[in-house]
Amino acid sequence: METTVALAGNPNSGKTCLFNELTGARQHVGNYPGVTVEKKEGKYSRNGHTIHIVDLPGTYSLTAYSVEEVVARDFLVNERPAVVIDVVDASNLERNLYLTVQFLEMGVPLAVALNMGDVAKKRGIEIDREKLSILFGVPVIPTIARSGKGKEEIMDAAVRIAREEKPRTPLIVSYGDDIDGALLEMEESIITNGFLTETYPARWIALKYLEMDEQILSKGQKQNPDVSAKLEDLTRRVSDHLQKTLNTYPEAIIADHRFGYINALVRQGVIKFRDHHDRLYASDKIDKVVTNRFLGPIIMVGVLMGLYHFTFTYSAVPVGWLESFFGWLGDAVSTHIPAGLLQSLVVSGIIDGAGGVLGFVPLIMLMFLGIALLEDSGYLARVAFMLDRVFRVFGLHGSSVMAYIVSGGIAGGCAVPGVMATRTLKSRRERLATLLTAPFMNCGAKLPVFALLIAAFFAENEVVMMLMITLISWLGALLVAKLLRSTVIKGESMPFVMELPPYRLPTFKGLAIHTWERTWQYIKKAGTVILGISIVLWAMMTFPGLPDSQLLEFENQRAAAKAAVSMEISREVESYEGKAVLSREASNLRNQLLGIDSREAEAALRNSTAGRIGTALERVSKWAGFDWRTNIALVGGLAAKEVVVSTLGTAYSLGTVDPEESRALSEILSKTPGWSPLAALSLIIFTIFYAPCFVTVVMIVRESGSWKWGMFSIAFNTLAAFILAAAVYQVGLVIGL
Ligand code: GDP
Ligand code: MG
């Protein structure tokens, strides 16, 4: 069969010139069937092979906006040329690459003719074509079409590509959180339904739906109206969302990110200008400072500290209100429900358990507001850009940064979408290393654990502590990634382009929506999943109760204490409601009775199912400074990390017998013997690194394609976390912290 090569490119890039040079006189001019766009076909011969060449109409894009675009696209899809030669005007590279990126996204076999090198040179533009070739993964050959220079080389490259049998993976450009999320969802139903996939890659179809491409839409509606309706529905949702948050359309965001991608390519040194002036746009000017090698990291740390300071400072008061509210609620319920199982369930299980998680809503909300501000303005993309250099050292990909940030790299994300976000990584090894380490980031579920421990033990240094927690988790994640990349998942790094979309001024409405969406997720989870788990754990901490013999023993102790004093004093204590002043003897008796009650409560908790598990684990966990109550909380945290807080709440609530004592968990912890700043630090470190929550493990199994990696992250992470926590605790003890 004859090989067909298509020439494509922007208008005036030199396609026709190249075509004439290649085919000489042997050409045929006609029209594409049904439309009046000129069609030129001809033959090129070299080394005895004849190649059929088609000159496609010039286009800037591959969306179905103009006849030329539709013709060019249909030709690519229906005729399937063995290779497309993209003729690119080197003197206008950025604009021309916009089309190149779309070819790569479509996954067509491609060779780039870097044309008009002479014009570019005259304008002082120098292009590193080898770099461009590596980053795109396609040959880039310099040509001067007008004189025919480079025509043999570009044809040789084209023939080489045409002979390659291996399937081409389409280029994946990231379009930001909102669109990437929608694309993933759409791709899934496209692939499972085999929707139009005989001609186009799944992601490309999804993109076309988001761009509301009429041609693809009508093709889709014909092939499978149900799937098409679903995709249109998703498109509408994303469209509405973007309209509300950023006041723009998916097409605009998609174009922005494509240009961002190209901009980043150019910044990687693909284009060098001999004279720099007036090539700096506003975004570039800001980036000169913000991503500067020295100033950039300083600004980044400053921004993080500012965010943490803002979050902790302004959330302190409302968090206090909520704490008082739940305290009041617990007391009110205690007076209305008689003492017993029901009261214990409502007060200790629900209010002190799940309520404790809800108490952190103001903090979570402010943190999300700050992150939304960084994200909507485009600053987060700069963070990723700067960390790219660091990540390479650890065998990771620059786009791992985004996966980390989504997982809670700054604080308050979620590893589930984080693991999913690794899909933008092309190399399987780098992807695996990223998705196994992303759960080390500080997701929104770990945040209340840290907030609780910081409030209890490091209230003076909350910002520094939070920054330290962030650094520890990133450092740990990177070191583990390096370990994995130099042992079990060894291999080369893929060339990669970090994109920089332009800065945008965030809108108030956009920030409000982004903040609320995420905060609502947190509230919903606390009110459903966490509530359910709290109740289960409450039951595990309550049953089985103490055996009768022990109950009788405590009863006897109480009776003995009362018998030792006069009847009046006993009665005085019984009728005490916290208002009157007790006599000295009565106060003595009261303290004695409270002591017996709390020993009984502790004995009951220890005797419960969860208590026994926690106590059994103490033999090992004592090395890291965790007592049996903490062990219960950490086991509960395997389901979801918020459960660490709710379980500690329930455990200490079950143990609290004096109604006058504060209900605020942070205050209780800071006063409980056995707890210390060192033990809290050890617990923080363990919480950062130990096994991912259940849902994340499921996601890891799904995305890595093997349950082994899920098991690996449970076992490896927990072991590593324990070794680290124990090391910190033991060293701390030795140096007397
Ligand atoms: P098309 O629209 O892509 O088919 O572009 P044409 O082949 O018609 O070329 C547009 C213009 O660019 C013509 O005037 C060509 O002579 C000129 N041209 C094409 N290639 C080169 C080149 O490599 N160097 C220079 N200086 N001019 C070129
Ligand atoms: Mg032409």
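Order of appearance sets the numbers: ligands from 1, and atoms from 1 within every ligand. Just so it is clear, the model here is predicted, and its values are computed rather than measured. By convention here, the first residue in the shown sequence is residue 1.
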*Asks:* Looking at ligand 1, does any of its N/O atoms fall within less than 3.5 Å of an N/O of Asp55?
*Replies:* no
*Asks:* For the pair Phe136 and Tyr261, name the ring-plane relationship: parallel under 30°, tilted 30 to 60°, perpendicular over 60°.
*Replies:* parallel
*Asks:* So is Pro11 polar-close to ligand 1, meaning N/O to N/O under 3.5 Å?
*Replies:* no
*Asks:* Could you say whether the N/O atoms of Cys17 and ligand 1 ever approach to under 3.5 Å?
*Replies:* yes
*Asks:* Going by distance only, is there an N or O of Val119 that falls short of 3.5 Å from an N or O of ligand 1?
*Replies:* no
*Asks:* Quick one: CZ on Arg203 to CG on Leu184, what's the gap to the nearest 0.5 Å?
*Replies:* 7.0 Å
*Asks:* Tell me which one of Val87, Asn10, Leu56, Asn115 gets a heavy atom nearest to atom 20 (N) of ligand 1.
*Replies:* Asn115
*Asks:* Tell me whether the centres of the aromatic rings in Tyr98 and Tyr60 are closer together than 6.0 Å.
*Replies:* no
*Asks:* N/O to N/O below 3.5 Å, does that happen between Met116 and ligand 1?
*Replies:* yes
*Asks:* So, regarding Thr16 and ligand 1 (criterion: nitrogen or oxygen to nitrogen or oxygen, under 3.5 Å), is there a contact or not?
*Replies:* yes
*Asks:* Quick one: look at Asp118 and ligand 1, take heavy-atom pairs under 4.0 Å, and tell me if it's side chain, backbone, both or neither.
*Replies:* side chain
*Asks:* Non-hydrogen atoms of Gly9 versus ligand 1: any pair closer than 4.0 Å?
*Replies:* no
*Asks:* Would Arg95 pass as a cation-pi partner of Phe259, given that its NZ or CZ must be under 6.0 Å from the six-membered ring centre and within 45 degrees of the axis?
*Replies:* no
*Asks:* I'd like to know if the side chain of Asp128 and the backbone of Lys131 have a donor-acceptor N/O pair within less than 3.5 Å.
*Replies:* yes
*Asks:* Determine, using ring centers only, whether Tyr404 and Phe391 are less than 6.0 Å apart.
*Replies:* yes
